[in-house]
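Following: one structure in structure tokens, then a few remarks.
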Amino acid sequence: MLLRTVSAATAETNVATVINKNFFDLFKRSTSLSHLTQTHAQIILHGFQYDISLLTKLTQRLSDLGAMYYARDIFLSVQKPDVFLFNVLMRGFSKNESPHTSLSVFTHLRKSTDLKPNSTTYTYAISAASGFRDERVARVVHGQAVVDGFDSELHVGSNIVKMYFKFSRVEDARKVFDRMPEKDAVSWNTMLSGYRENEMYEESIQELRLGMQIHSLATKTGCYSHDFVLTVAYNAMIHGYTSNGDTELSLSLFREMVLSGARLNSNTVVSLIPVSSHLMLVYAIHGFSLKSNFLSHASVSTSLTTVYSKLNEIESAREIFDESPDKSLASWNAMISGYTQNGLTDDAISLFKEMQKSEFSPNPITITCILSACAQLGTLSLGKWVHGLVKSTDFESSIYVSTALIGMYAKCGSIAEAHRLFDVMPKKNEVTWNTMISGYGLHGHGHEALDIFSEMLNSGIAPTPVTFLCVLYACSHAGLVKEGDEIFSSMIHQYGFEPSVKHYACMVDILGRAGHLQRALQFIETMPGDPDPSVWQTLLGACRIHKDTNLARTVSEKLFELDPDNVGYHVLLSNIHSADRNYPQAATVRQTAKNRKLAKAPGYTLIEIGETPHVFTSGDQSHPQAKAIYEKLEKLEGKMREAGYQPETELALHDVEEEERELMVKFHSERLAIAFGLIATEPGTEIRIIKNLRVCLDCHTVTKLISKITERVIVVRDANRFHHFKDGVCSCGDYW
DNA sequence: GCTTCCCCAA
């Protein structure tokens with residue numbers, strides 16, 4: 001009987017062990033708050049709510065996801081928390097930007113319990129103290145570490161060194177470091193990067209040499225083996241120079257590293273990769289990684305994917321991605337982001353869908369990328385779906401995600417929804433404000449943009465150079481010349497920002513669009529340094545709007561000089577000549593373009609009916625309902641002619657006969673999309689279309705008329721702004 | 001290691 005009881009108890013213990021292990025597996029796979037909540041429920045259901053190891057793990061995972069209130073509640077539910085649980089909670093608060101709370105947990109541990117802090121406790125206490133503004137807190141915690149005898153311990157010591165560097169107390173950092181009896185790769189690294197962050201490059205390099213001497217001494221005498229010190233130190237140095245953009249030093253250190261016989265590892269490659277401004281260099285690093293079998297490391301392949309994407313080598317990026325055997329969540333994100341940044345939004349979205357079938361779940365970074373893709377593409381339906389996904393997780397708390405959501409709604413035409421989200425965001429950073437300002441700019445709502453800007457200033461957020469770009473951009477699209485002028489000068493005199501070429505281009509745009517062509521020209525002539533093509537191109541655009549052929553000729557000559565291979569200049573200039581009815585001249589320019597094998601980007605328009613996107617090109621016959629669409633257009637045209645409409649074709653292709661030219665304009669992709677929208681939706685429904693190029697003058701007129709005839713609101717996003725057509729009027733006030 | 005905002009032009 002006794003025997004049976006004992007074995008039953010053993011069996012029970014075994015079962016408990018198994019279940020316990022299962023919970024740890026569950027934790028590992030819980031990537032969202034809702035997963036964790038379910039796991040917690042399971043723990044209670046199985047009667048493990050007092051199992052401190054499980055609760056500690058739960059606290060840790062909750063902290064990782066930023067759910068600190070929840071984590072604290074778990075902590076409070078434990079009758080007798082041990083020092084491990086205290087440590088986990090301190091780490092959580094530290095990680096989630098609450099160093100104050102972390103330190104009060106620490107104080108509670110020391111003052112109100114009989115537990116003894118261990119070295120891990122001090123590691124977290126020190127990093128919490130580093131998060132304070134006041135370095136006196138740091139000194140107090142350092143003092144406590146001395147009292148408890150942990151200040152010279154390897155990890156604590158390294159953290160104290162790091163902390164003093166953070167407060168730029170280089171001397172103190174040095175003292176603590178020198179007193180540490182044992183040093184490892186991490187502590188050396190801390191010392192090196194500390195010097196570097198305090199811009200003491202000389203000291204940093206000396207330290208590296210010292211590390212090398214110790215290394216060689218150690219190897220010779222066999223006293224102790226710091227095998228990785230040298231590798232780690234070199235990696236840290238290379239990484240530092242690389243991220244400072246100092247390619248030369250970074251590469252020469254790498255060479256030195258190879259010559260010194262130090263072992264290279266995958267981190268060496270990763271440290272070197274952002275050097276990358278030259279494709280040849282990336283190829284070299286790629287080849288080297290291949291030879292050394294570093295490509296199997298997710299960190300290496302992810303870095304290479306990223307750098308290839310940044311150099312617009314998207315196929316190479318995809319190759320690396322496809323061939324990397326050990327993908328991480330970051331690998332997927334890097335590839336999706338690569339597609340997004342290269343404008344390959346369809347590929348980004350389909351890879352995202354593929355990812356959802358894989359073992360990886362999207363994280364806030366993935367969501368941010370995919371929202372950016374939706375914004376570029378203008379697919380409101382997908383954007384809304386992603387928004388739903390965001391709501392069901394706790395990704396909304398990520399400032400990146402919520403900012404990207406605002407951008408998505410603004411760029412997909414729902415400026416009101418964007419503003420609603422903006423209003424309820426508890427924490428905004430400068431990018432959030434910039435997004436909202438440029439959103440209003442995009443819709444031509446200049447005054448609203450200026451309101452947001454002054455709200456930003458009032459709430460104490462410092463504007464950045466990008467903020468001024470967004471504001472100036474909004475001014476230019478709303479014709480606010482005086483305001484733009486004032487803001488430009490306040491940027492320089494009040495905020496002390498040196499205007500960049502982009503700022504100058506914005507000002508030229510403001511002046512030029514408003515018809516002040518001579519002032520715009522003077523503006524360019526007074527700008528410091530050589531104006532780049534973008535500035536001239538802006539002025540050329542203004543010449544086109546205001547039909548100033550003489551200035552256009554001068555400007556285009558500048559442009560040919562600066563950038564002879566650009567298609568845009570040829571097209572634009574030829575359009576200017578045809579606007580001037582100087583067809584022979586226009587034909588010459590076009591011929592030049594043709595001779596150089598330069599082609600105009602084809603225009604297309606997207607319309608979503610329900611969840612289905614439909615894409616039209618000019619004169620497109622491929623749509624299943626093409627016949628009905630063309631009939632609809634014919635009918636509409638009849639009604640428009642009755643209302644006195646005359647086609648304006650002066651900005652279209654000119655090297656064809658008048659009648660033929662009219663035909664080509666007549667079937668521009670946006671008209672086909674609008675006609676299809678009229679057929680495929682209920683009367684009264686708003687029609688939203690997205691065009692890759694700017695809408696032409698004639699199509700603009702026609703859309704106004706269609707909105708009146710059919711009593712529909714038509715929202716058009718063109719290459720750089722929104723037009724809301726209603727009752728025969730456009731929100732841009734014909735100013736675009 | 002991977003993320004949000006940024007002139008013009010087509």
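Given the structure is predicted, the values throughout are model-derived calculations rather than measurements. Reminder, nothing fancy here: chain letters follow the sequence lines and each chain counts from 1.
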NA contact type, [X], heavy-atom cut-off 4.0 Å: base, sugar-phosphate, or nothing?
X: V466(A); answer: base
X: S328(A); answer: base
X: T368(A); answer: base

Under 4.0 Å from OP1 or OP2 of [N]: is there any side-chain N or O of [X] that close?
X: Q341(A); N: dT3(B); result: yes
X: S438(A); N: dC5(B); result: no
X: H477(A); N: dC8(B); result: yes
X: R513(A); N: dC8(B); result: yes
X: S337(A); N: dT3(B); result: yes

For residues 425-445 of chain A, which residue pairs qualify under salt bridge (Lys or Arg N to Asp or Glu O under 4.0 Å), counting only residues two or more places apart or in two chains?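 Qualifying pairs, neighbours excluded: none.
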Which of these nucleotides, [options], is closest to any side-chain atom of [X]?
X: A505(A); options: dC6(B), dC7(B), dT4(B); result: dC7(B)
X: Q537(A); options: dT3(B), dA9(B), dC5(B); result: dA9(B)
X: A334(A); options: dA10(B), dC2(B), dC8(B); result: dC2(B)
X: A719(A); options: dA10(B), dC5(B), dC6(B); result: dA10(B)
X: T302(A); options: dA10(B), dC2(B), dC5(B); result: dC2(B)

Grab the [atom1]-[atom2] distance between [X] and [N] for me, whole Å please.
X: F497(A); N: dC7(B); atom1: CZ; atom2: P; result: 17 Å
X: I370(A); N: dC2(B); atom1: CD1; atom2: P; result: 17 Å
X: L469(A); N: dC7(B); atom1: CG; atom2: P; result: 7 Å
X: F321(A); N: dC2(B); atom1: CZ; atom2: P; result: 15 Å
X: Y339(A); N: dT3(B); atom1: OH; atom2: P; result: 16 Å
X: I437(A); N: dC5(B); atom1: CD1; atom2: P; result: 14 Å
X: N265(A); N: dG1(B); atom1: CG; atom2: C1'; result: 14 Å
X: Q376(A); N: dT4(B); atom1: CD; atom2: C1'; result: 13 Å

Only counting residues at least two apart or in another chain, list the ones meeting ring pair (Phe, Tyr, Trp, His ring centres under 6.0 Å) with Y409(A).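 Ring pair (Phe, Tyr, Trp, His ring centres under 6.0 Å) check on Y409(A) returns H387(A).
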Considering only distance and modelled atom types, tabulate donor-acceptor pairs under 3.5 Å from the side chains of residues 299-309 of chain A, sequence neighbours left out.
unit_1	atom_1	unit_2	atom_2	d
S301(A)	OG	H297(A)	O	3.4
S301(A)	OG	A298(A)	O	3.2
T302(A)	OG1	A298(A)	O	2.6
T302(A)	OG1	S331(A)	OG	3.1
S303(A)	OG	S299(A)	O	3.0
T305(A)	OG1	S301(A)	O	2.7
T306(A)	OG1	T302(A)	O	2.9
Y308(A)	OH	H286(A)	ND1	2.8
S309(A)	OG	T305(A)	O	2.8

With the threshold set at under 4.0 Å for non-hydrogen atoms, list the residues of residues 401-422 of chain A touching DNA chain B in residue-number order.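 Heavy-atom contacts with DNA chain B come from T403(A), K411(A).
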For K327(A) and F321(A), which heavy atoms make the closest approach, and how far apart are they?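 Scanning both residues, the minimum pair turns out to be CE-O, 3.2 Å.
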Which side-chain N or O atoms in residues 414-426 of chain A pair as donor and acceptor under 3.5 Å with protein atoms at least two apart or in another chain?
unit_1	atom_1	unit_2	atom_2	d
E417(A)	OE1	R420(A)	NE	3.3
E417(A)	OE2	R420(A)	NH2	3.1
H419(A)	ND1	Y440(A)	OH	2.5

Could you check whether any side-chain heavy atom of C470(A) comes within less than 4.5 Å of a side-chain heavy atom of F453(A), counting everything from C-beta outward?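 With C-beta onward as the side chain, the pair stays apart.
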What pairs with H503(A) under side-chain hydrogen bond (donor to acceptor under 3.5 Å, both in side chains), at least two apart in sequence or on another chain?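 Listed in chain order: S500(A).
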Can you see whether Y604(A) has K691(A) sitting over its ring - NZ or CZ less than 6.0 Å from the centre and within 45° of the normal?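 No, K691(A) does not sit over the ring of Y604(A).
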